[in-house]
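Following: one structure in structure tokens, then a few remarks.
As the structure is a computational prediction, the values presented were derived from the model and not from experiment. Proteins get letters first, then strands, A, B, ... in listed order; numbering begins at 1 in each.
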Protein chains: 2
Amino acid sequence: MVKIKEKDRNIEATIHNAARSVFLKKGYDGARMQEIADEAGINKALLHYYFRNKEKLFMSIFDEALNTLIPKIGAVIQSDKRFSEKIEIITDAYISMLKQNPYLPMFVIHEVQSHPEFIVDKLQNMGIDPSKIQKQLKTEVEKGLLKQVDFRQVFVSLISMCIFPFAAKPMLIKFLFNDNEAEWDKFIEERKKFIPSFINESLKAR
Amino acid sequence: MVKIKEKDRNIEATIHNAARSVFLKKGYDGARMQEIADEAGINKALLHYYFRNKEKLFMSIFDEALNTLIPKIGAVIQSDKRFSEKIEIITDAYISMLKQNPYLPMFVIHEVQSHPEFIVDKLQNMGIDPSKIQKQLKTEVEKGLLKQVDFRQVFVSLISMCIFPFAAKPMLIKFLFNDNEAEWDKFIEERKKFIPSFINESLKAR
DNA sequence: GTCTATACGCAGATAGAC
DNA sequence: GTCTATCTGCGTATAGAC
């Protein structure tokens with residue numbers, strides 16, 4: 001339960017790590033301040049001493065999560081790679097990250113309901129702008145490389161196909177894989193290739 | 001708040017309607033027994049008299065929801081229509097239903113986390129069987145109509161593309177549509193055509 | 001800064017009169 | 001069956017000693 005390896009590391013960071021772990025596993029509602037305190041090896045009172053309340057602690061974690069994910073995606077979008085290649089990279093980044101943090105989707109979905117503007121602001125502040133993506137897609141369409149499409153439909157489809165399976169995992173693994181975890185892993189790994197080829201095939205101009 | 005139109009209708013049904021409305025709006029955690037009681041025009045005690053506890057009441061609603069949705073999908077799958085046409089019908093059914101009940105995804109996602117086996121049992125009892133779907137797809141592949149694919153990838157993609165946008169709506173509508181509800185509606189309406197053509201294009205044998 | 005003990009509020013559930 | 005009043009437990013948050 002308690003595992004403080006570097007004792008000299010300051011408590012704030014320890015709490016942060018504990019909170020990240022618990023929030024990611026249980027989501028906002030499921031997370032208990034007591035559990036976070038235990039995980040950090042302190043008591044609830046001290047937890048509230050450092051972070052006034054649950055909401056503030058949560059936001060701090062969520063902010064951190066967004067700050068590590070968004071720049072990666074942003075960099076790819078800004079790059080001068082071809083559209084199809086961008087899709088491949090983004091898919092891989094997304095799925096790899098979700099594999100390591102299987103509870104992230106529920107975490108995000110919760111936050112999407114309660115603080116959508118927070119996420120959107122973050123995206124925009126980091127320079128991720130729908131109109132930019134649209135412009136890039138348009139360029140390739142004009143070159144005759146891609147079919148004419150509403151980029152928003154493609155965008156929404158991409159993130160849906162990456163994120164949703166993790167949220168629905170408890171059901172899918174039963175329904176499609178007889179609760180075989182290894183099969184599920186293989187499925188997810190294959191998905192990294194399936195999604196890009198699925199999208200690219202569909203958008204290919206002919 | 002209270003709106004009992006047919007007074008002679010028995011209370012159980014009234015409670016059921018109230019509970020459906022509240023659970024769909026607020027999800028399991030967000031729903032309050034008090035609110036359901038108010039909506040039904042009774043008090044909490046009576047609520048517990050009819051349905052012993054919150055969990056039982058919820059399951060009753062959830063069961064009803066599955067019973068109306070699954071048979072529709074099942075019927076389409078059983079039918080002798082072509083694969084591409086089935087995708088069209090299922091997409092339309094799904095999205096139309098989600099449009100009317102925008103909170104259903106959160107509702108389902110909650111249940112997927114806590115009682116996955118309940119959903120899977122229901123699916124199987126109603127004759128929806130992955131191997132059947134697979135067999136159908138395989139037939140068309142052998143006829144040279146479709147490309148060789150893992151049907152599970154397609155299946156998961158289909159439901160992801162239909163359901164996830166509704167769960168992520170609060171964010172998407174801000175990010176892509178400047179909170180313009182009419183634009184969102186148009187987007188969703190177009191999605192009924194986009195998804196099938198997206199899938200069918202991608203799977204087409206060439 | 002860190003602890004123990006406790007206050008407070010909420011929501012689900014029940015007792016018991018009618 | 002239906003109500004009012006109340007219990008209970010839990011989880012966040014705080015008071016106050018050290």
Side-chain angles (χ1 to χ4, degrees), chain A residues 1-62 103 106-107 110-111 113-115, chain B residues 1-62 103 106-107 110-111 113-115:
Chain A
M1 207 172 287
V2 185
K3 29 175 176 171
I4 306 170
K5 284 172 187 173
E6 309 108 294
K7 276 198 178 172
D8 47 324
R9 197 136 156 240
N10 72 45
I11 293 194
E12 217 148 322
T14 309
I15 292 177
H16 222 256
N17 288 334
R20 186 186 316 111
S21 150
V22 174
F23 275 128
L24 238 53
K25 255 181 285 193
K26 307 290 180 67
Y28 183 83
D29 291 330
R32 296 286 160 254
M33 294 299 266
Q34 184 60 61
E35 195 179 348
I36 295 174
D38 290 348
E39 181 90 14
I42 56 168
N43 58 42
K44 283 189 294 180
L46 201 53
L47 200 54
H48 281 87
Y49 175 78
Y50 280 95
F51 298 83
R52 194 167 314 289
N53 56 40
K54 189 179 182 180
E55 177 74 9
K56 280 204 168 51
L57 179 53
F58 179 81
M59 288 307 277
S60 145
I61 302 295
F62 190 66
Y103 295 90
M106 290 309 295
F107 186 80
H110 169 269
E111 204 49 16
Q113 310 300 313
S114 44
H115 304 288
Chain B
M1 206 174 289
V2 184
K3 31 176 178 174
I4 306 170
K5 283 172 188 172
E6 308 109 296
K7 276 201 178 171
D8 48 324
R9 198 138 155 240
N10 71 42
I11 292 196
E12 217 147 323
T14 308
I15 292 178
H16 223 255
N17 288 335
R20 188 188 315 111
S21 150
V22 174
F23 275 128
L24 238 52
K25 254 181 285 191
K26 305 291 180 70
Y28 183 83
D29 291 330
R32 298 285 162 253
M33 294 298 267
Q34 184 60 61
E35 194 179 348
I36 295 173
D38 291 348
E39 181 89 14
I42 57 170
N43 58 40
K44 282 192 294 181
L46 202 55
L47 200 54
H48 281 87
Y49 175 79
Y50 280 95
F51 298 83
R52 195 166 314 286
N53 56 40
K54 188 179 181 179
E55 177 72 10
K56 282 205 166 53
L57 179 52
F58 179 80
M59 288 307 278
S60 146
I61 302 295
F62 191 66
Y103 294 91
M106 291 307 297
F107 187 80
H110 169 269
E111 204 50 16
Q113 309 300 313
S114 46
H115 304 289

Integer-rounded Å distance: [N] [atom2] and [X] [atom1]:
X	N	atom1	atom2	value
A:Glu35	D:dG11	CD	C1'	13 Å
A:Ile36	D:dA13	CD1	P	11 Å
A:Ile11	C:dT2	CD1	C1'	8 Å
A:Arg52	D:dT14	CZ	P	8 Å
A:Leu47	D:dA15	CG	P	17 Å
B:Asp29	D:dG11	CG	P	12 Å
B:Lys56	C:dT14	NZ	P	10 Å
A:Phe58	D:dG11	CZ	C1'	17 Å

So, does [X] get its side chain near the phosphate of [N], meaning an N or O under 4.0 Å from OP1 or OP2?
X	N	answer
A:Tyr50	C:dT2	yes
A:Arg32	D:dC10	no
B:Asn43	D:dT4	yes
A:Asn53	D:dT12	no

Name every donor-acceptor pair, under 3.5 Å, that has one atom in a side chain of residues 18-28 of chain B and the other anywhere in the protein, sequence neighbours excluded.
{"residue": "B:Arg20", "atom": "NE", "partner": "B:Glu64", "partner atom": "OE1", "Å": "2.8"}
{"residue": "B:Arg20", "atom": "NH1", "partner": "B:Asn17", "partner atom": "OD1", "Å": "3.1"}
{"residue": "B:Arg20", "atom": "NH2", "partner": "B:Asn17", "partner atom": "OD1", "Å": "3.1"}
{"residue": "B:Arg20", "atom": "NH2", "partner": "B:Glu64", "partner atom": "OE2", "Å": "2.9"}
{"residue": "B:Lys26", "atom": "NZ", "partner": "B:Glu35", "partner atom": "OE1", "Å": "3.0"}
{"residue": "B:Lys26", "atom": "NZ", "partner": "B:Glu35", "partner atom": "OE2", "Å": "3.1"}
{"residue": "B:Tyr28", "atom": "OH", "partner": "B:Glu55", "partner atom": "OE1", "Å": "3.3"}

Side chain of [X]: nearest nucleotide among [options]?
X	options	answer
B:Leu46	D:dT2, D:dA13, C:dT4	D:dT2
B:His48	C:dG12, C:dC3, D:dT12	C:dG12
A:Met33	D:dC3, D:dT2, D:dT12	D:dT12
A:Lys54	C:dC3, D:dT2, D:dT12	D:dT12

Using a 4.5 Å cut-off on heavy atoms from C-beta on, say whether the side chain of B:Glu111 contacts that of B:Phe58.
yes
Using a 4.0 Å heavy-atom cut-off, does A:Ala37 contact any base of the nucleic acid, only the sugar-phosphate backbone, or nothing at all?
nothing
With side chain to side chain contact (heavy atoms under 4.5 Å, CB included) as the criterion, how do B:Met33 and B:His48 come out once you've worked through the C-alpha distance, each side chain's angles and the decisive distance to 0.1 Å?
CA-CA 9 Å; B:Met33 294 298 267; B:His48 281 87; 3.8 Å; yes
Would you compute the distance between atom CE of A:Met59 and atom CG of A:Asn53 and round it to the nearest 0.5 angstrom?
11.0 Å
Value for CG (A:Asn43) from OH (A:Tyr49), rounded to nearest 0.5 Å, stands at 13.0 Å
Closest to the 5' end of DNA chain D, once B:Ala45 and A:Gln34 are matched to their nearest nucleotides, is B:Ala45
